[in-house]
Visitor: 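Please read through the structure below; I'll follow up with questions.
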Number of protein chains: 2
Amino acid sequence: MAQGDNRKVTLKDVSKASGLSLITVSRALRQPETVHADTRAKIQRTIDEIGYIPNLTARSLVSQRSDMIGVVVPILASSLFADFAQGVSHVLEPRKQQMLLAVSDWSPQKEEEAVRTFIARQADAIIVTGFSHTETTRKLLGKFAGPVVEAWNLRDRVMDCAVGFDNYAAAVDMTRYLIGRGYDNIVMVGGAAAHNDQAEDRTRGFIDAMRAAGRSVDADTIVEFDNPATLEGGVALLPKLMARKNPPDAIFFLAELPAHGAMMWCLSNGIDVPGEVAIAGFGDLSLSAILPVPMTTVQIKGRAIGETSAELVMARLEGVTDIPRTHDLGYHLQIREST
Amino acid sequence: MAQGDNRKVTLKDVSKASGLSLITVSRALRQPETVHADTRAKIQRTIDEIGYIPNLTARSLVSQRSDMIGVVVPILASSLFADFAQGVSHVLEPRKQQMLLAVSDWSPQKEEEAVRTFIARQADAIIVTGFSHTETTRKLLGKFAGPVVEAWNLRDRVMDCAVGFDNYAAAVDMTRYLIGRGYDNIVMVGGAAAHNDQAEDRTRGFIDAMRAAGRSVDADTIVEFDNPATLEGGVALLPKLMARKNPPDAIFFLAELPAHGAMMWCLSNGIDVPGEVAIAGFGDLSLSAILPVPMTTVQIKGRAIGETSAELVMARLEGVTDIPRTHDLGYHLQIREST
DNA sequence: TTTCCATTGACATACGAATATCATTGGCTC
DNA sequence: GAGCCAATGATATTCGTATGTCAATGGAAA
């Protein structure tokens, strides 16, 4: 028996220490009804004494089931993706599934590498965020026989399953709402849309709604900055926008943190919200409701997206087949005082 | 060869499809210098064609190395633990290590279950947050031969390695600072200390500093609420504290989010900060610096704790032994206008 | 022609859990 | 005493990758 490392204690060690055969110990653990209660008790005592923990690696090789779920998120810190990941974890944990987590930094190549690793590790299912993937990732996932969930957006073409909400429609609705409020000079602030279908769809939703309302859209209408979206980004941007010859009377941020940054800047600099400029965000982080001027935002359910994604893959893994492959968790325009 | 599932494509399939022996294919992948270049090219073409991805489960059984690191965090959403986990991930990813993530919800039992699973999955190292563990967890980690890091706090008795900062000293220093500013009625607001060594040490630091300064500490001085600490918790508490017959003139929050909530409430209700009440937090989330009244707080480096923890275990796994087992990343009193 | 070396292959085995199949043993019932 | 059944054991093998060791082959150099 290996000394001092519980990872190295094997069924063989239990067999020797208990004076019973290997097959009996295995039976006691896997088919207890075939082993006498006294024998089982003796085995359990031995297991407790020598600290045997089954090697799940070896088991998964035989059973063809790893009980691991791979999850890729673009970022974790200061974002709803943390809520999402926590939601996933809370569904997996009681079912004894282990989450493999990878952070892609919005890089499709890193996502690809993560997916390849999940496959190599025999993950039973894979959850990715969004629809922007490399061609290789698509191929890998296309040949992956387990459930695949693309989360955080909805599109017609889905690799397997999708859990999210319509980013395009959400942006259309918010833009329409702002137009309906009579704002003349609406500016949209978004993250880089390249490799980010969510940002792409939100941007397109904004543009389409503006054009449908006869509004012009030019370089001054859409302001773009790099991911990730930060508070500081919003703080830095606002003075520039307000210093324009023709400043905006409404700003629609396609992410929540920069909107918070903008709100802070306005509060700190005596800019009346929504009197001088209205501000709308996207995500409804907790802070939005408790700002001195509660902020209008698109409310989405990051945690629920995680939970639903995990529930969907678990159902699929348990053999349930008559479930919808697409789950629209919707969004909600949370209208507050900032607009 | 298995149809349609890239997880099922084996070395044997490559051998057959290339007309070369199993051992040659294996050699080409593992000891390329022993295989002719033309042969290697042929093998690589075959691998690309049939989509072979090595089964890391089987490999780890043989190699006795899983290249997986288990990480337990108490929560992910809206907390610096997300920064921490991201920091861990960023150090592991370039080294091709896979993070196994578990969320314990501040439950030592859940932490125990996670640790047991990491051991069963042959994780090469384990990173836990804090020093509060069940006795069983201590035993499991005591018999685990890989590196173990207890992160987010520092204490004299360490199971293996520790990466964090002195929560006790940080609270002492901030309390002393507030006392030195002349605040008469300082109230501390903290999360439940049970099973949470960080909260425990912060609370003890506050109490000790108060008593050392001849200040009384009673039920009105220390306000406790359940984990996790939320914005809404701070918003709900402030009116109660300010409605006291003898309201506090300074409030020291032992976590950052409730402090933000308190700041929002004061801003919304015309309470002058720090004129009527000073507010200090613990964590220095980004928002603290950009509030209309920038907030004083204990600055800690969540992400760096993650990175350092991961770097430490990687160094240990790579055989480096002459490295400190304890890394004090320190803290910093970030004094701003709220006090 | 002989020797040496690079390359490939055959064979056996390891890692640890799981299990199919047949055999053995003891106790109980008829 | 025979038959049956519960319980345990022996044997062989699987899962997929890795590797030690020896054998075989072809090509090049001396």
Side-chain angles (χ1 to χ4, degrees), chain A residues 1-2 5-43 46-47 50-68 117 119-124 145, chain B residues 1-2 5-43 46-47 50-68 117 119-124 145:
Chain A
M1 181 176 83
D5 189 357
N6 42 20
R7 291 174 297 181
K8 297 290 160 43
V9 183
T10 67
L11 213 50
K12 189 171 178 181
D13 300 320
V14 180
S15 171
K16 280 189 180 173
S18 62
L20 295 163
S21 72
L22 194 64
I23 184 62
T24 298
V25 177
S26 182
R27 279 190 185 124
L29 294 176
R30 308 296 287 171
Q31 303 167 46
E33 69 280 355
T34 63
V35 180
H36 192 270
D38 291 344
T39 309
R40 293 207 307 269
K42 181 176 183 180
I43 289 167
T46 306
I47 284 169
I50 70 176
Y52 167 71
I53 298 174
N55 184 331
L56 295 184
T57 292
R59 180 183 288 178
S60 72
L61 201 51
V62 177
S63 70
Q64 300 287 305
R65 182 72 190 254
S66 69
D67 290 338
M68 299 196 289
T117 299
I119 291 168
R121 294 192 181 280
Q122 309 284 304
D124 293 334
Chain B
M1 182 178 80
D5 190 356
N6 42 20
R7 290 175 296 183
K8 296 289 162 37
V9 183
T10 66
L11 214 47
K12 190 171 177 179
D13 298 320
V14 179
S15 171
K16 282 188 179 174
S18 63
L20 295 162
S21 72
L22 196 63
I23 183 61
T24 299
V25 177
S26 184
R27 279 192 186 123
L29 294 176
R30 309 297 287 171
Q31 305 168 45
E33 70 280 356
T34 63
V35 179
H36 193 270
D38 290 345
T39 309
R40 291 204 310 268
K42 181 176 185 179
I43 289 168
T46 306
I47 283 168
I50 70 176
Y52 167 72
I53 298 175
N55 184 330
L56 296 184
T57 292
R59 181 183 287 178
S60 72
L61 200 52
V62 176
S63 70
Q64 299 288 305
R65 183 72 190 256
S66 70
D67 291 339
M68 299 197 288
T117 299
I119 292 168
R121 294 194 181 278
Q122 308 283 306
D124 293 333

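Lettering of chains follows the sequences in order, A, B, ..., and the numbering in each one begins at 1.
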Visitor: Please list, chain by chain and in numerical order, all residues satisfying side-chain contact (heavy atoms from CB on, under 4.5 Å) with A:Gln31, sequence neighbours excluded.
Guide: A:Glu33, A:Thr34
Visitor: In the structure I gave you, are the side-chain heavy atoms of A:Val14 and A:Leu22 within less than 4.5 Å of one another anywhere?
Guide: no
Visitor: State whether the side chain of A:Thr57 and the backbone N or O of B:Thr57 hold a donor-acceptor pair below 3.5 Å, judged by distance alone.
Guide: no
Visitor: For the backbone of B:Thr46 and the side chain of B:Ser18, can you confirm whether one donor and one acceptor N or O come within less than 3.5 Å of each other?
Guide: no
Visitor: Calculate the interatomic distance between B:Leu20 atom CG and C:dT7 atom C1'; express it in whole Å.
Guide: 11 Å
Visitor: Between C1' on C:dC15 and CZ on B:Arg65, what's the gap in Å once rounded to a whole number?
Guide: 17 Å
Visitor: How close or far is atom C1' of C:dA17 from atom CG of A:Asp67, stated in whole angstroms?
Guide: 14 Å
Visitor: Using a cut-off of strictly less than 4.0 Å, decide whether B:Ser21 has a side-chain nitrogen or oxygen near OP1 or OP2 of C:dT8.
Guide: no
Visitor: Using the test salt bridge (charged side-chain N to carboxylate O under 4.0 Å, His left out), find all partners of B:Arg7 that sit at least two apart in sequence or belong to another chain.
Guide: B:Asp5
Visitor: Keeping B:Ser15 on the side-chain end and B:Leu11 on the backbone end, is there a donor-acceptor pair under 3.5 Å?
Guide: no
Visitor: Listing request: all salt bridge (charged side-chain N to carboxylate O under 4.0 Å, His left out) pairs with a residue in residues 53-68 of chain A, at least two apart in sequence or in separate chains.
Guide: A:Arg65-A:Asp67, A:Arg65-A:Asp124
Visitor: Who pairs with B:Thr39 by side-chain contact (heavy atoms from CB on, under 4.5 Å), at least two apart in sequence or on another chain?
Guide: B:Leu20, B:Thr24, B:Val35, B:His36, B:Ile43
Visitor: For the helix from C:dT1-D:dA30 to C:dC30-D:dG1, what angle lies between the axis at the first five pairs and the axis at the last five pairs, to 10 degrees?
Guide: 50°
Visitor: Atom NE2 of A:His36 to atom P of C:dG27: distance rounded to whole Å?
Guide: 12 Å
Visitor: Which letter, B, S or -, goes with each nucleotide of nucleotides 14-27 of chain D from 5' to 3', with contact meaning a protein heavy atom under 4.0 Å?
Guide: -BBBSB-B------
Visitor: Given atom CD1 of B:Ile119 and atom C1' of C:dG16, what is their separation to the nearest angstrom?
Guide: 17 Å
